[in-house]
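Report on the following structure.
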Amino acid sequence: MVGLKEELLKSIWHAFTALDLDRSGKVSKSQLKVLSHNLCTVLNVPHDPVALEEHFRDDDEGPVSNQGYMPYLNKFILEKVQGNFDKVEFNRMCWTLCAKKNLSKSPLLISDEDAFKVWVIFNFLSEDKYPLIIVPEEIEYLLKKLTEAMGAGWQQEQFDHYKIALNTSREGLSAWDLIDLIGSGQFSKGMDRQTVSMAINEVFNELILDVLKQALPDKDGKKCLFLIKCLDKSFEISASDKKKKQEWIQAIQTTVNLLKAGSPPPHKEARQKRKELRQKLLAEQEELERQMKELQMANENKQRELETVRKQLEAAAARAAEEEKKRLQTQVELQDRFSLELEREKMVRQKMEEQVAQKSSELEQYLQRVRELEEMYKQLQEALEDEKQARQDEETVRKLQARLLEEESAKRAELEKWHLEQQQTIQMTEAEKQELENQRMIKEQALQVAMQQLEQLELERKEALEQYEEVKKKLEMAANNTKSWKDKVAHHEGLIRLIEPGSKNPHLITNWGPAAFTEAELEQREKNWKGKKATSE
């Protein structure tokens, strides 16, 4: 009865979900009462309105909801079903409630009766879970049987393409999707409506009504007869050919064996096997999913561990990166500092080079000045020598002039003496005068000679005086030249300084440019200059 209850629930589910909802989104009590009354009628179950009212006496939040009706349905209707009802009538009642609302409005190649039979077949082949769907394996099974019943060949490749497209969008088809699929003629191209209808009817009889083979209408002149003997009467059956005859005999024998063994019809057994296989596959899949979940959990644990390790590594990497960043920053700072120091050193070196170049230039100027000063000293020395020689010449001329003056004075004195003696001699006698005259003549000759000597001395004195004047001019010129050179030397010595790079002593500046010399050197130079000056004077 469990299998029967499941089959009934599928049809009832279609009827229940097709009921109208009120404004609150629930099914009204009146509709549930009508549905329950109709179910009891078609299932031959006694209807108990009091139980229904008792069950729905609570507020609308509970019993009237979808979940609230199922306990009543199970307890007061399905539990009382005995199997003495018409399956077709029951399904037709549920179909009437749901078809109008769910059946596609597009034109189909099958009649409403064929659509009803497809709907019933769907309920038989659908999975035992809600909302109801038929899986691709059962769709393939149904389409194969319809194709076989129509006498056409099965197109596996076409269905494989359809199956791939179906699997990518959803797990299976609803009853109404299945009706649209069969009614569209996608898998029955080239077949007329009557052939399709006959195929649907044959599959319906086999799967729903458990009819393995149907008794064809008797026609005169048919061969391939066979006889079925029963307890109360016998049946004479005619087949169209020997193959059909054998199929009939085999089907009847299979039915007899199933009845003796109390086994279900083969299509139900096959359906059960397919369901069990799907359940087994589902269980295996669930087990696989469980194992996958366990593996996934283990993997997630590993992932968490790895994530922890990764975070630790990231933290370590972050620390390392931070340390590396600090190190790089320190390195950059050191490099910047080094670059700054290098730049500063470069600037200092450049400045020192400029200073060295300047010092070199100054040194060159200094050496040039020294050479000029040496030349000045040389010229000064020559001037001093010329001045000394001029002084010596002046002294010689002065001495010569003095000597000449002394000789002139002596001659004058001597001439005066001679003149006095001549005057005295004039007063002497004539003899004496003669003698004196002779002496005078001698004296006069001597005087003449002396006068000539005097004139000569005068001339020499004049020449000496001219020489003295010339030497005096030369002396003055030498003195002026010496004074000029002394001034230049003094000026240069006052401006000269020795270049000592890096010296921290006070610098003395000259108008020739920056120069430096120590106080000791200045004192030594000053002392040498004073000594030379004293010597020259």
Side-chain angles (χ1 to χ4, degrees), residues 1-17 87-88 90-92 94-95 98-99 102-104 108 110 112-150 154-156 158-160 162-163 165-167 169-188 196-212 263-283 285:
M1 296 297 293
V2 176
L4 177 61
K5 182 178 179 181
E6 292 176 353
E7 292 180 6
L8 297 176
L9 277 175
K10 291 181 180 180
S11 299
I12 296 172
W13 178 81
H14 282 290
F16 180 80
T17 55
K87 291 183 180 180
V88 177
F90 165 75
N91 284 300
R92 195 175 297 278
C94 295
W95 164 262
C98 64
N102 295 289
L103 193 62
S104 175
L108 300 175
I110 59 176
D112 291 344
E113 182 64 20
D114 292 335
F116 161 70
K117 292 178 180 179
V118 173
W119 178 78
V120 177
I121 294 172
F122 167 85
N123 293 335
F124 174 75
L125 296 178
S126 63
E127 298 298 297
D128 296 333
K129 59 181 180 180
Y130 297 87
L132 296 175
I133 60 170
I134 181 171
V135 296
E137 291 81 5
E138 294 297 323
I139 297 174
E140 182 179 5
Y141 169 78
L142 175 59
L143 292 177
K144 279 183 177 181
K145 293 193 75 65
L146 290 174
T147 304
E148 181 182 354
M150 288 184 293
W154 172 246
Q155 299 177 356
Q156 184 65 42
Q158 181 184 2
F159 182 79
D160 289 340
Y162 172 77
K163 184 177 180 181
L166 178 63
N167 288 336
S169 60
R170 45 188 168 172
E171 296 181 358
L173 299 178
S174 67
W176 318 108
D177 294 331
L178 181 64
I179 294 172
D180 290 339
L181 176 63
I182 297 175
S184 65
Q186 182 176 350
F187 291 93
S188 60
V196 175
S197 178
M198 290 177 61
I200 294 174
N201 185 64
E202 182 177 340
V203 175
F204 177 81
N205 290 335
E206 179 182 354
L207 298 182
I208 306 302
L209 301 181
D210 300 331
V211 176
L212 297 181
S263 301
H267 61 274
K268 291 188 177 180
E269 186 176 0
R271 173 180 173 274
Q272 187 63 29
K273 287 181 180 180
R274 293 196 306 273
K275 185 179 292 187
E276 290 175 357
L277 180 60
R278 286 199 299 272
Q279 290 177 352
K280 181 180 180 182
L281 292 175
L282 182 60
Q285 184 177 0

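Keep in mind that the numbers below use all heavy atoms, side chains included, and drop hydrogens, waters and symmetry copies.
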Contact check, side chains of [X] and [Y], non-hydrogen atoms, under 4.5 Å:
{"X": "Leu125", "Y": "Tyr141", "value": "yes"}
{"X": "Glu140", "Y": "Trp154", "value": "yes"}
{"X": "Ile139", "Y": "Phe159", "value": "yes"}
{"X": "Met150", "Y": "Glu202", "value": "no"}
{"X": "Trp119", "Y": "Asn91", "value": "yes"}
{"X": "Val88", "Y": "Leu209", "value": "yes"}

Review point. In this structure, which one of Gln156, Lys163, Gln158 forms a side-chain hydrogen bond (donor to acceptor under 3.5 Å, both in side chains) with Asp160?
Key: Gln156
Point to revise | Leu181 backbone acceptor or donor facing Ser184 side chain under 3.5 Å | key: yes
Check your understanding: Would you say Asn205's side chain and Asn201's backbone share a donor-acceptor pair under 3.5 angstrom?
Key -> yes
Exercise for review: Considering only NZ, NE, NH1 and NH2 on the basic side and carboxylate oxygens on the acidic side, decide whether Glu6 and Lys10 come within less than 4.0 Å.
Suggested key: no
Check your understanding: Any ion pair linking Glu113 and Arg92 (charged N to carboxylate O, less than 4.0 Å)?
Key -> yes
Exercise for review: Please check if any side-chain donor atom of His14 sits under 3.5 Å from a side-chain acceptor atom of Asn123, or the reverse.
Suggested key: yes
Point to revise | Option passing side-chain contact (heavy atoms from CB on, under 4.5 Å) with Trp13 (candidates Ser126, Cys94, Cys98, Pro131) | key: Pro131
Practice item. Evaluate whether atom NZ of Lys144 has more than 12 neighbouring non-hydrogen atoms of other residues, nucleotides or ligands under 6.0 angstrom away. Key: yes
